[in-house]
Structure formats: C-alpha cells, structure tokens
Amino acid sequence: MDRRSFVKVTGLAGLTGLAGCTGGPGESEETTTTTEASGGDGGEETTTEAEETTEMSEDTTNVGMVYATGGLGDGSFNDQAQQGAIKAEEDLGISFDESQPDEVSQFKTFQQQFAQSTNPDYDLICCIGFLQTDALTESSESYPDQNFMLVDSVVDAPNVANYVFAEHEGSYLVGQMAGLLTTQDFSAGAGSTSPDSATLGFVGGVESDLIKKFEAGFKAGAKEANGDVEVLTNYTGSFNDPAAGKEAALAMYNNGADIVYHASGNTGTGVFQAAQEQGKFAIGVDRDQSVTKSSYADVILASMVKRVNTAVYNSIKSVVDDDFQGGSIVALGLEQNGVDIVYGDSLGSEIPSSVTDEVAASREAIVAGDVTVPTDPSDV
C-alpha cells in the first residue's frame with residue numbers, strides 16, 4: 001500500500017465518504033488466499049489487507065499530513081512541508097498519508113479522521129498552516145492521546161508540538177535587497193528597474209498577524225536601504241488565487257513598483273506572471289521559487305525561504321526517537337537557519353556585490369542581536 005497517497009475532497013459528500021477514498025485513513029480492501037498444507041485436506045485461510053497493514057504498522061511510524069488550503073503543487077509552502085515528510089520517509093522509514101483541504105472548514109474533519117483511524121494508527125498528525133489553529137484546539141482536546149504538530153501558530157496543549165518562524169527576519173533581507181536595487185538602473189533576465197521611482201510592492205494572502213510579519217520585515221529592510229522608498233500593499237484574501245495575485249501585482253507595477261514580494265502561496269504565481277508581462281521583478285517565498293517555478297526564473301531575483309521541511313522532519317524524528325515534546329514551542333529564525341534569503345537561480349549572479357554584501361552584513365547583525373526587526377507594519 002502506497003503511503004504517499006493523495007486525499008482531496010470537495011463538498012460534504014466527499015467529506016462523508018473520505019474513509020473509503022483511495023489512500024485515506026481507514027482504507028481496507030479484503031483479499032482471500034487459499035493454501036494447502038502438505039498432506040492436508042486443503043483448508044482455506046483468509047487474510048485481509050487490513051491485517052497485513054496492521055502488522056506492518058506495528059513496526060512503522062505512521063504520519064498524517066493535513067496541508068494548508070492551496071494544496072500541493074504551489075511550489076511554496078505546502079510543497080516545502082511535503083519535502084520534510086519525504087525526507088523522513090527516506091531517512092527514517094516512516095509512512096505518511098496526505099490530505100489537501102480546499103476550505104478552512106475542512107481542517108477539523110481531516111485532523112479528526114486521521115486521529116480516529118486504527119488502520120493505520122497515526123503516531124503523528126502534522127497540521128500545516130496557522131489557519132488550522134482553531135480546528136486543532138478542538139481536535140487536540142478531543143483526542144488527548146494523539147500527537148499533533150502545528151506549523152506557524154501555537155496551540156497550548158500537552159499533545160501539540162508547535163513550530164513558529166521569524167518570517168520578519170528573512171523578509172528584512174529581501175526588502176533591503178529590493179530597496180537597494182530599486183534606486184539603481186538594473187537589468188537582468190526579463191526584468192529591469194527604474195531609478196526614477198523608489199517604489200516596491202507587497203502582495204499578501206489572507207490578512208493576518210502572521211502574514212503581516214512578512215510585510216513588516218520587508219518594509220523595514222526596504223526603509224533601511226532607502227528611507228524614501230514607498231511600499232504598496234495588497235492582501236488578496238486567498239492563498240490559492242493566481243488571478244487575484246496577478247491583478248494586484250499589475251496594479252503595483254503600473255503605479256511605479258519595479259519589484260514585488262509576495263507571501264501568498266499559489267496566489268504568488270500570478271505575481272510572477274505579472275512581472276514577466278511588465279518586464280519587472282518579483283521575489284518568491286518559502287522555497288527557492290526560481291527553481292520550483294522555473295518558468296519565471298528570469299524575473300525572480302530571490303526568495304525568502306522558510307524551512308517548513310525542517311520543522312516537519314524534526315517533529316517526525318522526535319516521534320521515531322520516542323522523544324516527542326508535546327506542549328513545546330520551537331522558534332526558527334535566521335540564527336537557526338529556519339529562514340533566509342536565497343538568490344535566484346538565473347538572476348542571483350547578476351545582482352551587484354555591493355547589494356549582496358550589505359544584505360550579508362544585515363544578516364550577521366540580526367543574528368548578533370544588533371538589529372531588531374519589527375513584526376507589525378505599523379511599527380515601520
């Protein structure tokens with residue numbers, strides 16, 4: 001049975017029937033085999049796939065993955081989380097199942113169906129994204145013996161390990177890079193800047209305290225580079241709406257922005273599309289999007305990587321090692337390599353060393369505690 005099976009449902013009917021979907025928790029298909037003992041009377045012995053799976057599961061750590069809305073294939077947040085599970089499968093021999101909710105209202109259903117499953121019995125349920133907080137608050141209380149992990153938020157429960165990131169620190173670095181470049185006459189790949197307009201853009205997904213940390217860091221870094229820079233901001237309200245991302249970015253480019261940073265999941269694909277159409281630049285998020293969205297590599301200057309894969313892998317390893325830390329909060333910033341700036345695969349070498357050197361100096365200053373990055377845009 002392939003543990004890396006994909007479960008995605010829409011509507012109430014799909015939710016009700018999830019347990020019967022291929023690869024979903026609770027899947028069971030009976031198979032019958034007949035064996036004859038030497039010299040015997042041909043007795044019939046019936047086994048089931050469920051029984052075989054149960055025997056296998058006794059020696060295997062089973063993990064359930066509940067992704068953020070937007071699903072896999074975003075080249076960003078969810079895909080990064082999946083990489084952690086894949087690495088754990090390769091290194092630690094675990095098995096994992098995946099679910100891709102379409103709406104916030106489905107989080108509790110997926111969390112609790114994994115928790116209720118006995119075939120297999122999930123040793124850990126990974127909940128990816130801050131929008132799962134309310135659902136997990138309820139699920140963790142309803143299933144006190146089930147281990148959960150949560151990315152990007154905190155549920156104060158003894159059976160939940162929480163992983164949070166210093167997104168503002170990494171965003172400061174890409175903001176500083178953008179602030180320095182927007183005042184230069186810079187061309188590379190399919191994009192260019194105009195030194196006559198010190199204007200940048202930020203496109204967020206769902207407006208929230210978490211995404212505002214990206215905005216705050218980006219603005220702070222840009223202001224450090226150039227006190228006169230203007231940062232245009234738009235929250236689309238979705239992490240899976242490329243059309244809205246494109247519309248927001250086009251408006252920014254048309255209003256003088258030559259570099260737009262997004263923290264919006266798959267919505268950011270539209271930002272890259274707009275950058276190409278306008279001959280401008282963009283900055284990716286969570287993964288090196290010049291690689292995961294390689295068709296836009298000619299306009300992606302850099303990405304603010306957020307190593308969600310590290311959080312997922314470490315949480316799974318703690319279960320394998322019988323060292324799960326329920327109730328803990330693990331913070332991952334620049335010092336822990338939880339966030340960072342990664343220059344574009346195609347354009348990184350074109351960025352002047354005067355810019356990258358200043359960014360590197362800022363990175364060291366933040367890690368050393370000499371620079372404190374704000375988490376609220378109103379403080380910039």
Side-chain angles (χ1 to χ4, degrees), residues 7 15 25 61-71 77-78 80-82 84-85 88 94 96-117 121-168 205-214 239 263 265 286 306-333 336 338-339 375-376:
V7 181
L15 289 171
T61 296
N62 293 287
V63 176
M65 300 287 295
V66 184
Y67 294 111
T69 54
F77 187 62
N78 283 316
Q80 186 79 320
Q82 187 193 48
I94 64 101
F96 71 98
D97 288 325
E98 303 171 301
S99 62
Q100 302 183 64
D102 294 308
E103 301 172 356
V104 172
S105 60
Q106 295 176 351
F107 285 137
K108 185 174 74 172
T109 297
F110 282 111
Q111 291 170 7
Q112 296 195 4
Q113 285 193 323
F114 277 127
Q116 292 167 2
S117 173
D121 183 3
Y122 290 94
D123 302 284
L124 177 68
I125 300 171
C126 297
C127 302
I128 311 302
F130 74 97
L131 291 176
Q132 301 209 38
T133 305
D134 289 344
L136 184 55
T137 298
E138 184 174 338
S139 296
S140 61
E141 182 176 354
S142 298
Y143 300 91
D145 296 327
Q146 173 68 60
N147 292 331
F148 297 91
M149 71 85 73
L150 176 62
V151 170
D152 275 353
S153 189
V154 174
V155 169
D156 185 11
N159 56 334
V160 180
N162 305 278
Y163 291 81
V164 296
F165 293 80
E167 296 90 354
H168 51 300
V206 175
E207 187 169 0
S208 58
D209 290 343
L210 175 71
I211 304 303
K212 285 182 177 180
K213 289 169 65 180
F214 290 86
F239 292 113
D286 295 333
K306 177 175 168 179
R307 297 189 169 99
V308 180
N309 56 322
T310 299
V312 170
Y313 181 88
N314 288 348
S315 68
I316 294 173
K317 189 174 188 301
S318 73
V319 173
V320 172
D321 294 342
D322 197 24
D323 189 33
F324 179 76
Q325 301 293 318
S328 64
I329 301 174
V330 178
L332 300 170
Q336 298 79 22
V339 297
T375 59
D376 188 330

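The structure presented is a predicted model; accordingly, all values stated were derived computationally and were not measured. The first residue of the sequence shown is numbered 1, and numbering continues consecutively from there.
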ask   = Which atom pair, heavy atoms only, marks the closest approach of N162 to V155?
value = OD1-N, 2.8 Å

request  = For residues E167 and K213, report the shortest heavy-atom separation together with the two atoms involved.
outcome  = OE1-NZ, 2.8 Å

task = Kindly indicate whether the side chain of I211, heavy atoms from C-beta on, has any atom under 4.5 Å from the side chain of V206.
result = no

ask   = Do M65 and V312 have side chains that get closer than 4.5 Å, going by heavy atoms?
value = yes

query = Taking C-beta and beyond as the side chain, do Q146 and I125 meet within less than 4.5 Å on heavy atoms?
reply = yes

query = Once you round to the nearest 0.5 Å, how far does CD of Q82 lie from SG of C126?
reply = 12.0 Å

task = With sequence neighbours excluded, tell me which residues meet side-chain hydrogen bond (donor to acceptor under 3.5 Å, both in side chains) with Y67.
result = E98

note = Nearest heavy-atom contact between A161 and Q325 is CB-O, 3.7 Å

Of all pairs that satisfy salt bridge (Lys or Arg N to Asp or Glu O under 4.0 Å), the ones with a partner from residues 134-154, not counting sequence neighbours = K108-E138, D152-K306

message = If I compare all heavy atoms of Q106 with all of D102, which pair ends up nearest, and what's the gap?
response = OE1-N, 2.8 Å

ask   = Within a reach of under 6.0 Å around CG of D376, are more than 12 heavy atoms found that belong to other residues, nucleotides or ligands?
value = yes

inquiry  = Show the nearest heavy-atom pair for residues N78 and G70, with the distance to one decimal.
reply    = ND2-C, 4.0 Å

ask   = Do V66 and F148 touch side chain to side chain, with heavy atoms closer than 4.5 Å?
value = no

query = Regarding N159 and Y143, is there a side-chain donor-to-acceptor distance under 3.5 Å anywhere?
reply = no

query = Is the side chain of Q336 donor-acceptor paired with the backbone N or O of G333 at a distance under 3.5 Å, no angle test?
reply = yes

message = Within the structure provided, determine whether F324 and D123 are in side-chain contact (heavy-atom separation under 4.5 Å).
response = no

key: Partners passing side-chain hydrogen bond (donor to acceptor under 3.5 Å, both in side chains) against S139 (at least two apart in sequence or in another chain)   = Q111, Q112

Heavy-atom side-chain contact between V164 and I329 under 4.5 Å = yes

Minimum-distance pair of heavy atoms, taken over all atoms of L150 and Q132 = CD1-CB, 4.3 Å

ask   = Of all residues at least two apart in sequence or in a different chain, which pass the side-chain hydrogen bond (donor to acceptor under 3.5 Å, both in side chains) check with S153?
value = T133

ask   = How long is the span from the CZ atom in F214 to the CG atom in D286, to the nearest 0.5 Å?
value = 5.5 Å

ask   = CZ of F107 to CD1 of I128: how many Å apart, nearest 0.5 Å?
value = 10.0 Å

inquiry  = Please report the interatomic distance OG(S315) to CG(N147), rounded to the nearest 0.5 Å.
reply    = 10.0 Å

query = Is any side-chain heavy atom of D209 closer than 4.5 Å to a side-chain heavy atom of F130?
reply = no

Contacts of type side chain to side chain contact (heavy atoms under 4.5 Å, CB included), residue E207, not counting sequence neighbours = K212, Y235

task = Kindly indicate, with the supporting measurements, whether the criterion side-chain contact (heavy atoms from CB on, under 4.5 Å) is fulfilled by D97 and F114.
result = CA-CA 9 Å; D97 288 325; F114 277 127; 3.9 Å; yes

request  = Any chance you could measure L131, atom CG, to S105, atom OG, to the nearest 0.5 Å?
outcome  = 11.5 Å

request  = Quick one: which residue pairs count as a salt bridge (Lys or Arg N to Asp or Glu O under 4.0 Å) with a foot in residues 316-333, not counting sequence neighbours?
outcome  = K317-D321

